[in-house]
Colleague: 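Supplied in structure tokens, the structure appears directly below.
Along the sequence shown, the residues carry numbers beginning at 1. Worth knowing before you read on, the calculation uses all heavy atoms, side chains too, and leaves out hydrogens, waters and symmetry mates.
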Amino acid sequence: MKVRVEQGDITRAAADAVVVNLFEGVTMPGGGTGAVDMALGGAISQVIAAGDLRGKAGELVTIHTLGRMPAPRVLVAGLGARDEFDIDAVRNLAANVVRALRKPGIRRIATIAHGAGIAGLDPEACAQAIAEGSILGGYQFLKHKSNAGDDRAEIEDVVIIEHDASKVAGMARAAERGSILAEATNIARDWANEPSNHLTPTVMAERAAELARQAGMEVEVLERADMERMGMGSLLSVAKGSAEPPKLIRLGYRGRGGEGWDLALVGKGITFDTGGISIKPAANMEAMKADMTGAANVITAAWALARLGAKLNVLAIAPCTENMPSGSATKPGDVVRAMNGRTIEVINTDAEGRLVLADAICWANELGAKRIVDVATLTGAVTTALGDVCYALMTNDDALCREVEAAAAAAGEKTWRLPMWKEYDEYIKSDVADCRNVGAGNRGAGTIVGAKFLEPFAGKTPWVHLDIAGVDNMSSDRGWVTKGASGYSVRALINLGLRLAQ
Ligand code: BES
Ligand code: ZN
Ligand code: ZN
């Protein structure tokens, strides 16, 4: 799908559908909607008067134009109450519109810039949100369906029509930016939705290298022997049970130039999590094909920052492996040693994400990262705490945390900070090693314990940990979020890079 901005008159747009909007309670539409109403001889106001259109949020009403406009149909989208309307509503509306219009015969839609009229939002922000919402909302994962039929129908062009010529160039740049953010998210979704027999660590490394090539980024892939040489005993302890070779993927983009890395993005890349010897129950285990979302999100976010030409040096580090039970697998009670020398008693082999992240975070530090943000589907406990409404964030640095919170908010993603009080350090004390990989004595706080385990590997480097396990997979479409892999955190990470580059 391509999203463009053109100067013009919405009533003259040559498209398969024209999209306009209506606030709740408005009986005489103005702006672009008013112009279309006039072109249709008052059809929209008549539908309002008849009570078939109220402007409620989420409402979509189709009106056929019967030759009065070049486009055969007009879709009026409800904006809801004016005082509740914001840029997130624009993004979600664009996504709902694309899904409602997706059918054979509709290829090209023309829309007014929702929000930029009487709502008074910044026109460029609106153009970006429409691009993001359209591309994110149109996402489907059909590659393994032999007979997807009408589901394959795709909207190819979304044209935002702006009458004021002086605004067009800025809005076009914003739509281009939004398109890159959404495309990165859809690539991450594709990887997360891909079954583990199709997306092994080896395939992830190949796909990452292809993205790096496209965007002119550095790429390095460490093999098992490299990790052994570097002392990454924690990461390797997870890979031991699998027949698939682990890969530690590193992408680098030097947008600022010079030495050093302004930001390292580190993502958990478990291409399948059986739990290992501490094996998971069968019910819903298939969802664990997506336990590499953190890795996908950091790789695609760094790729987007490169495509946007952001002026910062950014690293993406993705430790990728399966977590399998076998005769060679790590056993509960085993003690392993991470790259920084810290020893870990592996109490539960299903708490494997923190084990792969530990060495990856050490490596980010060794490479000279000034800031580290890690992203992981780390704990089921985060769903107990926060459901599927937001993701958890934990940190050793208030200032960096505020940056991440602001970046996520700009992406329309809710976050919630959990405490890192020193009392929780008790939970991970081990009798035989420097720490244990799960909390002792059933004291709860599973999400915080995961972060507490990671904290010493970040050391003094400003660090934020995102636990996205609760929002990573969705059971139904909801605005910009589509069923299956949601893409949460990709645009937040890109926004973070853009903020730090300023
Ligand atoms: N990948 C899981 C966490 C997860 C659960 C992600 C559900 C998405 C949906 C992680 O590796 C795991 O198994 N965590 C354990 C930790 C426990 C053993 C301390 C968990 O949450 O049960
Ligand atoms: Zn696990
Ligand atoms: Zn896992």
Side-chain angles (χ1 to χ4, degrees), residues 1-3 16-17 60 94-109 132-158 179 182-211 213-214 242-245 247 269-274 280-297 299-300 303 320-324 377 388 471-488 490:
M1 185 190 294
K2 288 266 170 294
V3 182
D16 300 313
L60 298 170
N96 292 336
V97 162
V98 160
R99 280 194 297 271
L101 290 175
R102 179 166 57 204
K103 57 182 106 165
I106 303 189
R107 288 283 165 78
R108 187 184 155 94
I109 66 181
E132 288 180 14
S134 303
I135 294 170
L136 292 168
Y139 177 80
Q140 285 177 288
F141 185 70
L142 301 172
K143 76 177 269 207
H144 298 295
K145 281 193 183 282
S146 322
N147 292 303
D150 287 355
D151 286 347
R152 291 227 192 269
E154 236 184 273
I155 290 172
E156 288 167 4
D157 279 303
V158 174
S179 300
E183 280 161 22
T185 308
N186 285 351
I187 294 171
R189 286 170 165 178
D190 270 342
W191 295 10
N193 285 324
E194 192 75 271
S196 74
N197 62 327
H198 290 266
L199 193 86
T200 60
T202 304
V203 173
M204 275 193 82
E206 285 163 10
R207 292 192 184 186
E210 173 56 22
L211 290 185
R213 197 192 54 74
Q214 276 175 22
S242 173
E244 287 293 337
K247 304 279 170 179
I270 302 298
T271 59
F272 198 87
D273 181 12
T274 65
K280 288 180 179 294
N284 302 319
M285 204 205 273
E286 71 283 359
M288 288 301 114
K289 70 176 183 179
D291 209 20
M292 35 51 69
T293 304
N297 292 5
I299 290 168
T300 56
W303 172 78
C320 298
T321 175
E322 288 183 338
N323 184 24
M324 297 290 284
T377 48
D388 65 0
V471 293
D472 163 58
N473 238 270
M474 294 292 174
S475 48
S476 57
D477 295 335
R478 188 172 77 194
W480 68 266
V481 174
T482 48
K483 189 173 173 168
S486 68
Y488 262 95
V490 177

Colleague: Which atoms form the tightest heavy-atom contact between G138 and V98, and what is the distance?
Modeller: CA-CG1, 3.7 Å
Colleague: Would you check, one step at a time, whether the test side chain to side chain contact (heavy atoms under 4.5 Å, CB included) holds for K247 with M204?
Modeller: CA-CA 8 Å; K247 304 279 170 179; M204 275 193 82; over 6 Å; no
Colleague: How close do P245 and P201 get, counting heavy atoms only, and between which atoms?
Modeller: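 Looking at all heavy atoms of both residues, the closest pair is O-CB, 3.5 Å.
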Colleague: Would you say R152 has more than 12 foreign heavy atoms packed within less than 6.0 Å of its CZ?
Modeller: yes
Colleague: Whether the Y488 and N297 side chains hold a donor-acceptor pair (N or O, under 3.5 Å, no angle test) is what I'd like checked.
Modeller: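 Checked: Y488/N297 side chains show no N/O donor-acceptor pair below 3.5 Å.
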Colleague: Just wondering, do D388 and R478 contact through their side chains at under 4.5 Å, heavy atoms?
Modeller: yes
Colleague: Do L136 and R189 come close enough that some side-chain heavy atom pair is under 4.5 Å?
Modeller: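 Result yes, sub-4.5 Å side-chain heavy-atom pair found.
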Colleague: Look up atom OG in S179 and atom NZ in K2, then write down how far apart they are to the nearest 0.5 Å.
Modeller: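 Those atoms lie 7.5 Å apart.
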Colleague: Hey, what do you get for CZ (R108) to CG (L101), rounding to the nearest 0.5 Å?
Modeller: 14.0 Å
Colleague: Quick check: do E194 and H144 have side-chain heavy atoms less than 4.5 Å from each other?
Modeller: yes
Colleague: Kindly state whether the ring of W191 and the ring of F141 have centres lying under 6.0 angstrom apart.
Modeller: no
Colleague: Does K483, at its NZ atom, have more than 12 non-hydrogen atoms belonging to other residues, nucleotides or ligands within less than 6.0 Å?
Modeller: no
Colleague: Check whether any side-chain heavy atom of I109 sits under 4.5 Å from a side-chain heavy atom of D16, and report yes or no.
Modeller: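 I109 does not reach D16 side chain to side chain.
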Colleague: Hydrogens and angles aside, do D472 and T293 bring a side-chain donor and acceptor to less than 3.5 Å of each other?
Modeller: yes
Colleague: Looking at every non-hydrogen atom in both residues, tell me the closest pair between T300 and A188 and how far apart they are.
Modeller: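 In terms of heavy atoms, the two residues are closest at OG1-CB, 3.6 Å.
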Colleague: Is there side-chain contact between S134 and V97, with at least one heavy-atom pair below 4.5 Å?
Modeller: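 They are not in contact (no side-chain heavy atoms under 4.5 Å apart), so the answer is no.
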Colleague: Is the shortest side-chain N to carboxylate O distance from R207 to E210 below 4.0 Å?
Modeller: no
Colleague: What's the separation between atom CZ in R102 and atom CD in Q140, rounded to the nearest 0.5 Å?
Modeller: 3.5 Å
Colleague: With rounding to the nearest 0.5 Å, note down the distance linking CE in M292 to OG in S196.
Modeller: 10.5 Å
Colleague: Looking only at heavy atoms, what is the nearest atom pair of L60 and A100, with distance?
Modeller: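 So the two residues come closest at CD1-CB, 3.5 Å.
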Colleague: Locate the shortest heavy-atom distance separating A290 from N473; write the atom from each residue and the value.
Modeller: CB-ND2, 3.8 Å
Colleague: Flag the pair W303 / I187 as yes when at least one side-chain heavy-atom distance between them is below 4.5 Å, and no otherwise.
Modeller: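 Yes - at least one pair of side-chain heavy atoms lies under 4.5 Å apart.
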Colleague: Is there a donor-acceptor pair under 3.5 Å between the side chain of Y139 and the backbone N or O of D190?
Modeller: yes
Colleague: With heavy-atom distances below 4.5 Å as the criterion, would you say the side chains of R99 and T482 are in contact?
Modeller: yes
Colleague: Where do P195 and K289 come nearest, in terms of heavy atoms and distance?
Modeller: CA-CD, 3.8 Å
Colleague: Roughly how far, to the nearest 0.5 Å, is OG of S486 from CG of N193?
Modeller: 9.5 Å
Colleague: Is there side-chain contact between T271 and D291, with at least one heavy-atom pair below 4.5 Å?
Modeller: no
